[in-house]
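Only one structure is covered here, and it is reproduced in the block below.
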Number of protein chains: 2
Amino acid sequence: MKIGELSKKSGCSIQTIRFYEKQGLFEACNRSEGNYRIYDASSLRALRFIKQCRSLDLTIIEIKQLLDTKNNPNKSCSSVNNLIHQHMVDVTHRIAELEELKITLSEMASACTDNRKVKECGVLQLLEE
Amino acid sequence: MKIGELSKKSGCSIQTIRFYEKQGLFEACNRSEGNYRIYDASSLRALRFIKQCRSLDLTIIEIKQLLDTKNNPNKSCSSVNNLIHQHMVDVTHRIAELEELKITLSEMASACTDNRKVKECGVLQLLEE
DNA sequence: TGTAAAGTCTATACCTAGTATAGGGTCAAC
DNA sequence: GTTGACCCTATACTAGGTATAGACTTTACA
Ligand SMILES: [Zn+2]
Ligand SMILES: [Zn+2]
Ligand SMILES: [Zn+2]
Ligand SMILES: [Zn+2]
């Protein structure tokens, strides 16, 4: 299969696939006579793995580490478990930050509900502080 | 005051201040004989305004719009109010996304609590799906 | 007064995870 | 043989900074 088909089947854009290859995340595949990339079912599986990881917001470097780990089937998987755990901690932290931000924004918003003139705007006044 | 002092008083790094100036966010100031930037109290106020806005996660373009609006004291402030409101909507949305991600991560994490071998790792197995 | 250190200047490269071009080559159908 | 769909590489761009390099200015101290 050529890159366009892989793109449709995986849901990754063509540029993204080539980008992953350049980053060393997605193995460089065979080429046709005309220098077209030729993929098979295992390419699709590999790409879906990457997509799953990205949907968890793993960075490219982290995904590389996972792929490295996958290549040593008899080693301990603790690094995998730790990575996921650490991500959960980070996400929890980020949620807390955004909740705080939301409160601040809502205080801002309630400082000027009606339309006033700019010089009387409660939002701008809060921002000046 | 020179840029180092403004940096300390504002909490923005020197490079950030110069970056804001280049972006047209922070007015280019007077220069000393030796071409050093010279600021005054109003520069500090302006920079603090920008910092407040950034702490609300307003983009540079949005801050520029706010500054434009501030320059028309007699116009309606509705664009300001709308901007803050829209941000709150966006933040709420983002929180919801992260909450979902957190649930997924927690399911992942509980799929492999103990340390197994990589080939038996529950996390990796979930990622393969 | 000389010099060393600290501060500042511009310009440029780098970061993430892609996206969007430009300018060209390949391949199939008609 | 030409059109159109597809593919190739290389490069520039995004946001909001951060981090240099290499040069200049100012300050402090002996
Ligand atoms: Zn992470
Ligand atoms: Zn208002
Ligand atoms: Zn916004
Ligand atoms: Zn595991």
Side-chain angles (χ1 to χ4, degrees), chain A residues 1-26 28-40 43 46-67 83 87 90-91 94 97-98 101, chain B residues 1-26 28-40 43 46-67 83 87 90-91 94 97-98 101:
Chain A
M1 121 180 72
K2 281 177 289 180
I3 200 167
E5 194 180 341
L6 182 67
S7 168
K8 267 170 206 151
K9 284 189 177 159
S10 66
C12 299
S13 80
I14 290 175
Q15 294 103 304
T16 297
I17 295 172
R18 293 198 279 238
F19 171 73
Y20 287 161
E21 180 185 316
K22 209 161 159 192
Q23 298 296 306
L25 199 55
F26 189 54
C29 59
N30 296 325
R31 299 292 183 114
S32 72
E33 271 186 33
N35 199 32
Y36 284 14
R37 289 172 178 81
I38 302 297
Y39 299 100
D40 59 16
S43 317
L47 191 50
R48 280 188 176 145
F49 181 87
I50 295 170
K51 221 194 166 203
Q52 275 275 31
C53 293
R54 287 292 305 131
S55 79
L56 300 179
D57 232 15
L58 298 181
T59 64
I60 286 181
I61 288 174
E62 287 168 333
I63 299 172
K64 264 192 209 170
Q65 289 166 2
L66 280 187
L67 293 173
L83 195 152
H87 253 288
D90 293 346
V91 169
R94 181 74 185 131
E97 282 175 358
L98 287 181
L101 177 55
Chain B
M1 120 181 72
K2 282 178 287 178
I3 199 167
E5 193 180 341
L6 182 66
S7 167
K8 268 170 204 150
K9 285 189 177 160
S10 67
C12 299
S13 80
I14 290 175
Q15 294 103 304
T16 298
I17 295 171
R18 292 199 279 239
F19 171 74
Y20 286 161
E21 179 184 316
K22 210 164 163 187
Q23 299 296 307
L25 201 54
F26 190 55
C29 59
N30 297 326
R31 299 292 183 113
S32 73
E33 271 186 34
N35 200 32
Y36 283 14
R37 290 172 177 81
I38 301 297
Y39 298 100
D40 58 17
S43 318
L47 191 51
R48 280 188 175 147
F49 181 87
I50 295 170
K51 219 191 169 208
Q52 275 274 28
C53 291
R54 287 293 305 131
S55 79
L56 299 180
D57 232 15
L58 298 182
T59 64
I60 287 182
I61 288 174
E62 288 169 332
I63 299 172
K64 262 191 212 173
Q65 288 167 2
L66 279 188
L67 292 173
L83 196 153
H87 253 287
D90 294 345
V91 168
R94 181 76 185 129
E97 282 175 359
L98 287 180
L101 176 56

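So that the names make sense, note that chain A is the first sequence line, chain B the second, and so on, each numbered from 1.
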Which one, C/dT16, D/dT26, D/dT9, comes nearest to the side chain of B/Lys2? D/dT26
Is the distance between the ring centroids of A/Phe49 and A/Phe26 under 6.0 Å? no
Candidates D/dG16, C/dG18, D/dT18 - which lies nearest the side chain of B/Thr59: D/dG16
I want to confirm an ordering. Mapping A/Lys8 and B/Glu33 to their closest nucleotides on DNA chain D, which one lands closer to the 5' end? A/Lys8
For a quick check, tell me whether the side chain of A/Tyr36 and the base of D/dC8 share a donor-acceptor pair closer than 3.5 Å. no
Considering only side-chain heavy atoms of B/Gln15, which listed nucleotide, D/dA19, C/dT19, D/dC8, is closest? D/dA19
Please give, in whole Å, the distance from C/dC9 P to B/Asn30 CG? 13 Å
To the nearest angstrom, the CD1-C1' distance between B/Ile17 and C/dC9 comes to 14 Å
Does a side-chain heavy-atom distance below 4.5 Å link A/Lys64 with A/Leu25? yes
Note: for A/Tyr39 and A/Lys22 on DNA chain D, the residue whose nearest nucleotide lies more 5' is A/Tyr39
Is there a side-chain contact between B/Tyr20 and B/Arg54, using heavy atoms and a 4.5 Å cut-off? yes
Expressed as a whole number of angstroms, how long is the span from A/Ile50:CD1 to C/dT16:P? 16 Å
Residues B/Glu97 and B/Arg94 bridged, charged N to O under 4.0 Å: yes
Given D/dT18, D/dC7, C/dC9, the nucleotide with the shortest approach to the side chain of A/Ile3: D/dC7
Are A/Arg37 and D/dC6 close enough that a side-chain N or O sits under 4.0 Å from OP1 or OP2? no
Atom CG of B/Asp57 to atom C1' of D/dA15: distance rounded to whole Å? 11 Å
Close side-chain approach of A/Phe19 to A/Ile60, heavy-atom, < 4.5 Å: yes
Taking only the side-chain heavy atoms of A/Ile14 (C-beta and beyond), determine which of D/dT9, D/dC7, C/dG18 contains the nearest atom. D/dC7
Per A/Tyr20 side chain, nearest of listed nucleotides C/dT19, D/dC8, C/dG18: C/dG18
Selection from C/dC9, D/dC8, D/dT18 that lies nearest to any side-chain heavy atom of B/Asn35: C/dC9
Measure from CZ on A/Arg54 to C1' on C/dT19 and round the result to the nearest Å. 14 Å
Spacing between A/Ile63 atom CD1 and C/dG18 atom C1', to the nearest angstrom: 13 Å
Residue mapping more 5' on DNA chain C - nearest nucleotide basis, A/Gly34 or A/Thr16: A/Thr16
Do the side-chain N or O atoms of A/Arg31 get closer than 4.0 angstrom to the phosphate oxygens (OP1, OP2) of D/dT9? yes
Quick one: label A/Ser32 by what it contacts on the DNA or RNA (base, sugar-phosphate, nothing), any heavy atom closer than 4.0 Å. nothing
Counting side-chain heavy atoms from C-beta on, which of D/dG17, D/dC8, C/dT19 comes nearest to A/Arg18? D/dC8
Nearest whole angstrom, please: distance from the C1' of D/dA5 to the CD of A/Glu5. 15 Å
Does any part of the side chain of A/Arg18, heavy atoms only, come nearer than 4.5 Å to the side chain of A/Ile14, both counted from C-beta? yes
Rounded distance in Å - CZ (B/Phe19) to P (C/dA13): 17 Å
